[in-house]
Amino acid sequence: MEKTIVRQIVLEAISRLQNERTDRSLFHLIQGKRSATSLQDAHFYGLEAIFGMVPLKKDRFEQLLQELEHAGWIEREQTLMITDAGRAQITSPFLLDDLGGELRGYPMQLWKRISLLIQSIVCLDQNTFFIPIQQDSGIKEWVRQQIRQIPERSVWITAVYQELNKALHQLTERDAILISYRLSGQKTGLSFPQLSERLGTDLLSLQLEFVMAWRRCLRALPEDGLILSLGNDIDHFKMTQSAKKTWELLKQGYSVQQIAERRRLKKSTMEDHLVEIAMYATAFPLEQFVTAIQYEEVVRVSDQLQTFSLKRIKQELTQEMDYFQIRIVLARKVDRP
Amino acid sequence: MMEDVLKQIFRYDGFRDGQRQIVESVLDGHDTVAILPTGGGKSICYQLPSYLQTTGLTLIVSPLLSLIEDQVMQIKRRGERSVAKLTSLESRDQKDHILRHLNQLRYLYLSPEQLAVPQIQQRLADIKINLFVVDEAHCISQWGHEFRTEYAKLGSIRKQLGNPTCLALTATATNQVEQDIIQGLALTQPNRIRHSVNRPEIQLIVEQTEQNEKDAVLKRRLKTTNRPCVIYTTTRKEAERIAAFVPQAAYYHAGLEPEDRQLIQQQFLHDEIDCLVCTSAFGMGVDKGNVRTVIHYTMPATIEAYMQEIGRAGRDGQPSTAVLLYAPGDPQLQQFLADKQYASLLWIDQVTQSRGQGESFESIEQRLHLEPDDPAYRLLKSQLKEGKTKSQIIDWQENRKKIRLRELMQMINYIQNTFCRRAFILEHFGEKPVVQDRCCDNCGTLTVDEPVIEVDVNQLDWKRRLEEVFFSSRPSV
């Protein structure tokens, strides 16, 4: 079976899940479901980058798993497992790390803004009729505001062109093609089906390649440049809104008990919030929830067994700890970028 | 006076056929039914009167979001800011803002669903409405090919708004449909302005073949008809399959990502591609003057739909061609698709029974795995909400199916008929036949094109491309 990009990415994800999660967990991950479990999976198993970044429908996802299983690359029982043959297909560095899921919606949101702004300014400057390539009314409104703030269109066009041109020079030929041929202005961008035909790649792989190329392009753009400054206000916090509120109160010095009462949160919800905060916040009052000895032991067991399975860790512990405490430790244990 | 407005605001030197009559009729306060062919300049008819009235709003009901978007954009482009739209795309805040500033508006575009919202009706009832425009008015008729349940309420809504003068517009309507429009909108002694549906610049061709020969016939046709060209297919899969073997073609259907859809439309409008293979999702509101050929790979379900789709050719008045490919088995496919738009007896049975026991729609949907967006189910749901009984629904559906079958038979008659095709269509719409050159394959006065198809052999080159996107007027280095 041919190793397409989408197959490879799914294979990489399965290998990172260490035979500890189900196909449903993986589906929720790639869909970007903001539930405590999926967020935790993304964090523990090093799959932040894939979070919400693979546009697969349920039936297509199922079909993909069947193909991988059929090729003998994975096995599906209770959990998803990669076989030796499957592992042999994976080459380092992993592709999936360039998908940009850790930035949540930021890269694509910025793409929508910048692609519509370029099209609008270039066409307005040349006085040519155009169909806006983005239909999202929020994006269109944002672009309308921006257009008013640009005094000299031709100056802006040249500056953005130069910035992009410079960034694309730092990328591979193929990445540069993917980005330049999706842009519209005096010429209109190609649709994904058109590009996939020209480049001889299947449609879904091509869409993922584009996402990765754009992510790399964002890294190559100057941080204080015109393009990146257009995305300064885009929210890319990983924390859910609700957990963020809890965090704010925690920072103001309220106790967990007080916050739960004040926000009328159930114990389990409160715990989910705390795990989220432990995962994403730079500072966290860990000592409120576990002792140093408890922390050491969970880390040791997890490392020894090479696992994030709460159940297996709990069985090995010598001291009494509940699942929430183990989750908190694991959340802090994982290196934060 | 009218001419001044036409020139200053719309930048036209003179009225086209029928436009003046319609504008005058509306300004005199007469309800008006206007049947104008596609590309006949409908929008002027309701946009112009507003400038000759001191106050009041022109309200336009239109069934298609793309059409509304397109119109609003065109109005804004000519510098008119006091226009707004209420559709499913606007946020709550945007809608609130619009409703609070209704009296500052000249035009308001609405989908029929939005007009049915009670709060919106209340707000509208408080202000002066000069003109109540119903676009694509044939959707009101159960005899029409595009019947829409929401349109059935327009008559009573208009009454609640104080019976403002009404202008009903459509491109195609038989006498029967025209009657339905008048009754459905409760028009009083309306002026009826009808223009011939004939499009003399389009020659009509039907080519009969076998299913397994169709692709070959299509390829041959493409060698004797000019581009830009639109090829209509019935299914998305078929559009993709055909686009793969036709040189320099791209496909367009509702299954594409929104961004891809916009890109393809824009490419076609800009002549960057000259052959588009698409389902009927393409076309509404896309105003491209130089389409030379429209080919139907499979027959549409009605003559009305056919006229509307071939009407995309030759809007610039230059000679154009419409080709319909036909093979045994095509009508069965159409009938299958038509039947799928209605709920099966089993569904009707199960859903009415569960509703009878007081179960909520949501719970029924989950239990029976019904897709809330499935048109057949949506129709059933809205009928149940209107309080229709099971037998009423079944009767209504059977009746609808009969109508659709009859319409399909008319389409087959058009194909099988051995006399003048143009005369057949004109007669269908209650018009007299005409004699003209480049008429149809049965009359035998056709012209043959010798298209030059340019194949883009350029390698993908990002540096050149990036420059072309930003500054194409500058010669490439």
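Since this is a predicted model, take the numbers as computed values, not measurements. The sequence lines fix the lettering, A, B, ..., with proteins before strands; numbering per chain opens at 1.
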Query raised in the report: Quick one: does B:His270's side chain have a donor or acceptor within less than 3.5 Å of a partner on A:Phe129's backbone?
Result: yes
**Report entry** B:Gln94 and A:Glu141: side chain donor to acceptor below 3.5 Å
**Finding:** no
**Report entry** Side chain / backbone / both / neither for B:Leu466 at chain A, heavy atoms under 4.5 Å
**Finding:** both
Query raised in the report: What part of A:Ile118 lies closer than 4.5 angstrom to a heavy atom of chain B: side chain, backbone, both or neither?
Result: side chain
Query raised in the report: CZ of B:Phe268 to OG1 of A:Thr188: how many Å apart, nearest 0.5 Å?
Result: 13.0 Å
**Report entry** Which atoms of B:Glu257 approach chain A - backbone, side chain, both or neither, heavy atom under 4.5 Å
**Finding:** side chain
Query raised in the report: Given that the side chain runs from C-beta out, which part of A:Pro132 has a heavy atom under 4.5 Å from chain B: side chain, backbone, both or neither?
Result: both
Requested in this report: Heavy-atom distances under 4.5 Å only: say whether B:Glu69 touches chain A with side chain, backbone, both or neither.
Outcome: side chain
Query raised in the report: Sub-3.5 Å donor-acceptor pair from the side chain of B:Glu272 to the main-chain atoms of A:Lys187, do we have one?
Result: no
Requested in this report: Check whether A:Leu178 gets within reach of chain B through its side chain, its backbone, both or neither, counting any heavy atom under 4.5 Å.
Outcome: neither
Query raised in the report: Should the pair A:Arg182-B:Glu259 be classified as a salt bridge under the 4.0 Å nitrogen-to-oxygen rule?
Result: yes
Requested in this report: Decide, yes or no, whether a salt bridge links B:Lys463 with A:Glu173 under the criterion of side-chain N to carboxylate O below 4.0 Å.
Outcome: no
Report summary line: Here the gap from A:Leu168 atom CG to B:Trp462 atom CH2, rounded to the nearest 0.5 Å, amounts to 5.0 Å
Query raised in the report: Are the side chain of A:Gln186 and the backbone N or O of B:Val469 linked by a donor-acceptor pair below 3.5 Å?
Result: no
